[in-house]
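What you are looking at is a predicted structure, and each value in this text was computed from that prediction instead of being measured. Naming convention: chains lettered A, B, ... in sequence-line order (proteins, then strands); numbering from 1 in each chain.
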Amino acid sequence: MADDKKLTTRAEDFSAWYNELVLRAELADYSPVKGSMVIRPNGYGIWERMQRALDDMFKATGHQNAYFPLFIPESFLHKEAEHVEGFAPECAVVTHGGGKKLEEPLVVRPTSETIIYYMFAKWTQSYRDLPILINQWANVVRWEMRTRLFLRTLEFLWQEGHTAHVTHDEAEVETRKILAIYRRFAEEWMAMPVLTGLKTHSEKFAGALRTYSIEAMMQDNKALQAGTSHNLGQNFAKAFELQFQDESGQMAHAWNTSWGVSTRLVGGLVMTHGDDNGLRVPPRLAPIEIVIVPIWKNEEEKARLTAAALKVQDDLTAWTGRGATDRLRVHVDARDGMRSGAKYYEWELRGVPLRFELGPKDLEKQAVFAARRDTREKQSLAFDGLPATAAALLDRIQNDMFQAALARREANSVRGGISYAQFKELMEGAGAFVYAGWCGEASCEAKVKEETKATIRCLPDAEFCSSEAPTTCLCCGKPSQVEAVWARAY
RNA sequence: CGGGGCGUAGCUUAGCCCGGUAGAGCGCCUGCUUCGGGAGCAGGAGGUCGGAGGUUCAAAUCCUCUCGCCCCGACCA
């Protein structure tokens, strides 16, 4: 069956397409434990690129990495009422260790606020000890009922930032600063446009004062919450007696923030950029930016073209035009016994942004035959000046991918007068981001969710708001308090 | 937790209704010919038929129990 080689198309079944792509591009595989997965080298390589980019941004804004333990005393979860209510149902709890029942059960962290603010309290006496700006790269466990590769699994990898500040305003600035970093990362690295905005009370983090998020639109027009940044207020500081003496000698509770993005981003990348031929990885996140496929007919050519390919690779990787530490990431696929065509399909499935074919005719011309993964356009590129040409082309691909994703999102966004009936129809059909008014009542939010499965993804920041503010609530028709973006979400 | 589906070679599966030698495609190994978009031929390796029990001369097939996974819904990064 030749069809075995083709993916289910997005139009046929988006969900099946996603699963097949993740498995066949070898990003991840199911593990023997229900709901958990193995991240394979192809997927982990993308995550590593994400980690590096984000880590650099966190460091550049004064954050330091640390590591807090996996196990948290169960009693810690109970210290913040809203927090325990939010997380208790999805916690894995360890009751036995060393062959004995434990005095106090240990919770496998679903997130680390409790243990971290407990420790911060130990370390903080004076306002001079603040701010504390910490990040950790870790795994967390949330016992989800319904799981999906990368998007929702029992265990996932993430970073969680935790900070403590002297004032509310300082914490708020931090919260927004991180949100801006997430946005920049999504746009500039993932080539994934996002909205920024405030979560409603029902969607905010359990224990936070306010939650902000970045929201991206997937190719099925559903929203993906791709990152969150919380202003925790003094909720955890009070629960864990995280106090300090201020300049006037008064004791005060610190103001905290926490923020995170997870391996879910890999799923977001797939659903933003994947096509019916497989994955498309934006160059900046691609573990391999360029794959060179030498083409030969016989042993003599095999030796000659493979050598030429390796030479091209050397020239590319030796180039320091992007800086000494940011070399072009190039792979030569000289596998024997596999036809070049088969190799093309495989690298396209895996999403490598640029392919250089190098056969006798190309070598003759002192050029490679280059194929863009995103547009599938092909052109001959001369050896002469190839590193700079390739780097420029990769930049263009990165940019074009962002522009294409942005255009797709805008084409599927609806602003201005939409009736609730039209909205329902839209949500049951193609889906969209709908910018519409909200009266501010949780009951309307709940009703819409009940009837359409759509939720308020965020109350968008000013720059994403419509030029003409909506005047009535999408649901009840009463005067609108605020503009909201409504959509079904992952 | 409700609904649906599926467990047979590494993967996709046929066979099950109607019990009787476990088959195919892909992949893998060897060799030859190939090689500019998913190669061809020849040979070969690979199986506790998810597990346990039962019926039977005989079970992948029938019965009972059980385990697991996937998909769709309620909760969530």
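For the P atom pair drawn from B:C72 and B:C62, the interatomic distance equals 29 Å after rounding to whole Å. Between the C1' atoms of B:A59 and B:A52, the separation comes to 15 Å (whole Å). Of the P atoms belonging to B:A60 and B:G20, the separation is 9 Å, rounded to the nearest Å. For the P atoms, the distance linking B:C26 with B:U66 amounts to 41 Å, nearest Å. Here the separation of B:U56 from B:C16, taken at their P atoms, is 24 Å to the nearest Å. The P atoms of B:C63 and B:G5 are separated by 16 Å, rounded to the nearest whole Å. Taking the C1' atoms as reference points, B:A45 lies 46 Å from B:G2, given to the whole Å. A distance of about 25 Å separates the C1' atoms of B:U64 and B:A22, rounded to the whole Å.
Following rounding to the nearest Å, A:F87 (CZ) and B:C75 (P) show an atom-to-atom distance of 16 Å. One can place CD of A:E20 at 13 Å from C1' of B:C71, the figure rounded to the nearest angstrom. Atom CD of A:E26 is separated from atom P of B:G10 by 17 Å (rounded to the nearest Å). One atom, CZ of A:R350, and another, P of B:G38, lie 18 Å apart when rounded to the nearest Å. Taking atom CD1 on A:I295 and atom C1' on B:G36, their separation rounds to 5 Å, with Å as the unit. Whole-Å rounding puts the A:D336 CG to B:C32 P distance at 12 Å. One interatomic measurement links the two molecules: CG of A:D13 to P of B:C70, which rounds to 16 Å at whole-angstrom precision. Taking atom CH2 on A:W296 and atom P on B:G36, their separation rounds to 11 Å, with Å as the unit.
A ring-centre distance under 6.0 Å is found for A:F87 and A:F205. Aromatic ring centres of A:H83 and A:F236: separated by under 6.0 Å. Here A:F185 and A:Y182 keep their ring centres 6.0 angstrom or further from each other.
Residue contacts for A:R376: at a heavy-atom cut-off of 4.0 Å it reaches a base atom on one of the strands shown. Counting non-hydrogen atoms under 4.0 angstrom, A:P360 reaches a base of the nucleic acid. Among the atoms of the strands shown, base atoms are found under 4.0 Å from some heavy atom of A:G359. Contact annotation for A:E450: no contact, since no heavy-atom pair falls under 4.0 Å across all strands. Contact annotation for A:D362: base contact, defined as any heavy-atom pair under 4.0 Å involving a base atom. Heavy atoms of A:T153 sit under 4.0 angstrom from at least one base atom. Note on A:Q225: only backbone sugar-phosphate atoms sit closer than 4.0 angstrom, heavy atoms only; bases stay farther off. Across all strands, A:K302 comes closer than 4.0 Å to no nucleic acid atom at all (heavy-atom distances). Among the atoms of the strands shown, only primed sugar atoms or phosphate atoms (P, OP1, OP2) are found under 4.0 Å from some heavy atom of A:Y30. Within the nucleic acid shown, A:S15 comes within 4.0 Å of sugar-phosphate atoms alone, with no base atom in reach, counting heavy atoms only. Across all strands shown, A:S262 has heavy atoms under 4.0 Å from base atoms, whether or not it also approaches the sugar-phosphate. A:R148 comes within 4.0 angstrom of no nucleic acid atom, judged by non-hydrogen atoms across all strands. Within the nucleic acid shown, A:L224 has no heavy atom closer than 4.0 Å to any nucleic acid atom.
When each of A:K453 and A:S31 is assigned the nucleotide of RNA chain B bearing its nearest heavy atom, the one mapping closer to the 5' terminus is A:S31. The 5' end of RNA chain B is approached more closely, in terms of each residue's nearest nucleotide, by A:A371 than by the other of A:A371 and A:W158.
Using a 30° and 60° split on the angle between ring planes, A:F423 and A:W486 fall in the perpendicular class, above 60°.
Within the shown strands, nothing qualifies as a pairing partner of B:C49 under the Watson-Crick or G-U definition with both distances less than 3.5 Å. Pairing partner, B:U55: none, since no Watson-Crick or wobble contact has both distances short of 3.5 Å. The partner of B:G7, taking Watson-Crick or G-U wobble pairs whose two distances both stay under 3.5 Å, is B:C67. For B:A22, there is no paired nucleotide, since no Watson-Crick or G-U wobble pair has both relevant distances below 3.5 Å. Pairing of B:G37, defined by two Watson-Crick or G-U wobble distances under 3.5 Å, is not identified with any nucleotide. When both distances must be under 3.5 Å, the Watson-Crick or G-U wobble mate of B:G27 does not exist. With a cut-off of 3.5 Å on both pairing distances, the Watson-Crick or G-U wobble partner of B:G2 is B:C72. Pairing for B:A60 is absent, judged as Watson-Crick or G-U wobble with the two contacts each under 3.5 Å.
For A:A342, the listed nucleotide lying nearest its side chain is B:G38; candidates were B:G36, B:A74, B:G38. Comparing B:G37, B:C75, B:A39 against the side chain of A:E357 picks out B:G37 as the nearest. Here the nucleotide nearest the side chain of A:S340, chosen from B:G36, B:G37, B:G38, is B:G36.
A cation-pi arrangement is found for A:R355 relative to A:Y344, the charged atom lying closer than 6.0 Å to the ring centre and inside a 45° cone about the ring normal. Under a cutoff of 6.0 Å and an axis angle of 45°, A:R264 and A:F156 do not form a cation-pi pair.
For A:N19, a side-chain nitrogen or oxygen approaches OP1 or OP2 of B:C71 to under 4.0 Å. In this model, the phosphate group of B:C75 is not approached by any side-chain N or O of A:R146 to a distance below 4.0 Å at OP1 or OP2.
To the nearest 0.5 Å, atoms CD (A:E174) and CH2 (A:W255) are separated by 15.0 Å. We find the CD1-CZ distance between A:I214 and A:R183 to be 10.0 Å, quoted to the nearest 0.5 Å.
Using a 5.5 Å limit on the distance between ring centres and a 30° limit on the angle between planes, the aromatic ring of A:Y345 counts as stacked on the six-membered base ring of B:G38.
In this structure, A:E215 pairs ionically with A:K199, as a charged nitrogen and a carboxylate oxygen lie closer than 4.0 Å.
The base of B:G36 is not paired with the side chain of A:K378 by any donor and acceptor separated by under 3.5 Å. The base of B:G40 lies outside donor-acceptor range of the side chain of A:R339, with no N or O pair under 3.5 Å. Side-chain atoms of A:E301 stay outside donor-acceptor range of the base of B:G36, with no qualifying N/O pair under 3.5 Å.
The nearest pair of heavy atoms linking A:V84 to A:A81 is CG1-O, 3.1 Å.
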